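Take a look at the structure set out below.
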Protein chains: 4
Amino acid sequence: MLLKIEFESDVPIYTQIKNQIIEGIALGLLKEGDEMPSIRQLASDFGINLHTVKKAYDLLKDEGFLSVHRRKGYVVTKNAFADDDFIEKLEKDLQPILANAYSRGMMQDEILKICEDILHKFKNEE
Amino acid sequence: MLLKIEFESDVPIYTQIKNQIIEGIALGLLKEGDEMPSIRQLASDFGINLHTVKKAYDLLKDEGFLSVHRRKGYVVTKNAFADDDFIEKLEKDLQPILANAYSRGMMQDEILKICEDILHKFKNEE
Amino acid sequence: MLLKIEFESDVPIYTQIKNQIIEGIALGLLKEGDEMPSIRQLASDFGINLHTVKKAYDLLKDEGFLSVHRRKGYVVTKNAFADDDFIEKLEKDLQPILANAYSRGMMQDEILKICEDILHKFKNEE
Amino acid sequence: MLLKIEFESDVPIYTQIKNQIIEGIALGLLKEGDEMPSIRQLASDFGINLHTVKKAYDLLKDEGFLSVHRRKGYVVTKNAFADDDFIEKLEKDLQPILANAYSRGMMQDEILKICEDILHKFKNEE
DNA sequence: GTGGTCTAGACCACT
DNA sequence: GTGGTCTAGACCACA
């Protein structure tokens, strides 16, 4: 799995890392038990600060996507669930994005199709 | 149309305003030609600074949802379209959100249903 | 000659009026001695304030494009010349506009062609 | 590259900054990848407020002349193109200026010469 | 250190 | 009255 960082994006680097790892899990590129590259490794690969990588990893740990193994370092875990709070946040995040698309004249089916296409890229093999 | 600001949120106030106005347009609460409350009016209603409101309005102007009428002030304008750049951005915005839901074990249909429900609240009667 | 006012432009209305009258002169639509519509007339035609029209007319008078005739009201005059101050201002106004076009990758000939096309619309019949 | 601000001018300070940076790019003084002075640096150099500088930078970002690099700050980016909208705006901006010159009795060649001279100062060597 | 957000308040331009 | 510009200064997020 290959990370790609956009330094000129307005999305913070740690968020980019976090998002791409979650996407990697959704796509099946990262499986439960996989060892993540070390913080040091990842930071030097991209020429970014250790803190930045650590922040991404720690957030993922908090959300249940990673856990820390004494010897292996950060390891992929699927310990994140969609509780009510998450569902609520999900709707709150989606609403403005979908509203924007709709207000620009896109048809509901058209927008839904895009969501569907994205979802269909995710692997359902568990 | 009623705006609601969450001061404790980590979403910038101007983004909250911007999003709610776009949602208002999608929901049919705001129609082309409607005059927005004046910058100062809205600012004082919420006890926030006029620059914060202005930033929200200006972003909406840049996106084509508002325009400035020399006499009426800010007016709803539906001059925003879904060009290729927007579609690309839309996918880029949706991907991490949907990936997160999927990686938490939600089924594709379940996620899609949520998108559908949100979209169905939008008015399609113009 | 027909004026067209854009209320949603960021160009002040009095400037729009002023510019269009100067363009009318350049295009030969307005000739020396022509009587302008009265301030009241023009203002009510467009539903704008008397002051706004008066400001446009007065600026044109100051520049030598109009003069006030006791009975005829504002009359077209060609009493404006291109002195050194004007040439200097002309260059100062053109520079950022042309620089912008050039910095966007337009070729010098391409830009010049646009200037030429505009100029060729002007009538040289004096 | 040296900026010069005229405080007495009726041209807003942020516009002056913006124009001079675009001119700097056209003249070849600023090249793709160059790092701009920080907002606060530039503001203190000229004794103006950082918001004024930020507005200029942000407008340039919107037009594609600058972008924000997460580590380097604002960086010169040549991501601005001359699409149809721009050409239309260009003509709309040029028309009143050229009309004014022409209505003051300048010959078409004379005016064109001035445009040419300005354009020839711009560097065409990338 | 960088930029991003927000405030409080002033003065001006336009209609 | 409207929006537009500018200031002075604070606090936060990011790397």
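Keep in mind that this is a model prediction, so the values were computed, not measured. Each chain gets a letter, A, B and so on, in the order its sequence line appears, and its residues count up from 1. Side chains are part of it too, since the values below use all heavy atoms of this structure and drop only hydrogens, waters and symmetry mates.
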*For atom CZ of D:Arg71, decide whether the heavy atoms of other residues, nucleotides or ligands shown that lie under 6.0 angstrom number more than 12.*
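It does: D:Arg71 CZ has more than 12 such atoms within range.
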_Which residue lies more 5' along DNA chain E, comparing D:Ile39 with B:Val11 via nearest heavy atoms_ =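 By nearest-heavy-atom nucleotide position, the 5'-most residue is D:Ile39.
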Kindly say if [X] contacts the phosphate of [N], meaning a side-chain N or O under 4.0 Å from OP1 or OP2.
X: B:Arg71; N: E:dT15; answer: no
X: B:Tyr14; N: E:dC6; answer: no
X: D:Arg70; N: F:dA15; answer: yes

_Nearest heavy atom decides the nucleotide; on that basis, is B:Arg40 or D:Phe7 closer to the 5' end of DNA chain F?_
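Here B:Arg40 is the residue nearer the 5' end.
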*So, do C:Leu66 and C:Val75 sit near enough that their side-chain heavy atoms are less than 4.5 Å apart?*
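Counting from C-beta outward, C:Leu66 and C:Val75 never come under 4.5 Å.
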*Report yes if some heavy atom in the side chain of D:Tyr57 is under 4.5 Å from a heavy atom in the side chain of D:Leu42; otherwise report no.*
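In contact.
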*Stepwise, does the salt bridge (Lys or Arg N to Asp or Glu O under 4.0 Å) test hold for A:Lys89 with A:Asp93?*
CA-CA 6 Å; A:Lys89 186 181 178 308; A:Asp93 287 345; 2.7 Å; yes
*asked:* As an exercise, state the distance from CG of D:Leu60 to CD1 of D:Ile21, rounded to the nearest 0.5 Å.
replied: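 The distance works out to 5.0 Å.
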Whole angstrom is fine here: how far is it from [atom1] in [X] over to [atom2] in [N]?
X: B:Met36; N: F:dG1; atom1: CE; atom2: P; value: 20 Å
X: B:Leu66; N: F:dT2; atom1: CG; atom2: C1'; value: 15 Å
X: A:Lys18; N: F:dC14; atom1: NZ; atom2: P; value: 11 Å
X: D:Gln16; N: F:dT5; atom1: CD; atom2: P; value: 13 Å

_Short of 4.0 Å, heavy atom to strand atom, which residues of residues 44-61 of chain D count as contacting DNA chain F?_
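By residue number: D:Ile48, D:Asn49, D:His51, D:Thr52, D:Lys55.
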*Given E:dT15, F:dG3, F:dC6, which nucleotide is nearest the side-chain atoms of C:Pro12?*
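The nucleotide sitting nearest to the side chain is E:dT15.
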_Checking B:Asp58 against B:Tyr74: is there a side-chain donor and acceptor pair closer than 3.5 Å?_
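Checked: B:Tyr74/B:Asp58 side chains pair up, N/O donor to acceptor below 3.5 Å.
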*asked:* Suppose we define a pair by two distances each less than 3.5 Å, Watson-Crick or G-U wobble; what does E:dC14 pair with here?
replied: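 When the pairing criteria are applied, F:dG1 turns out to be the nucleotide that pairs with E:dC14.
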*Checking side-chain contact (heavy atoms from CB on, under 4.5 Å) for the pair D:Arg104/C:Glu63: CA distance, chi angles, key distance, verdict?*
CA-CA 10 Å; D:Arg104 286 175 124 92; C:Glu63 294 197 34; 3.1 Å; yes
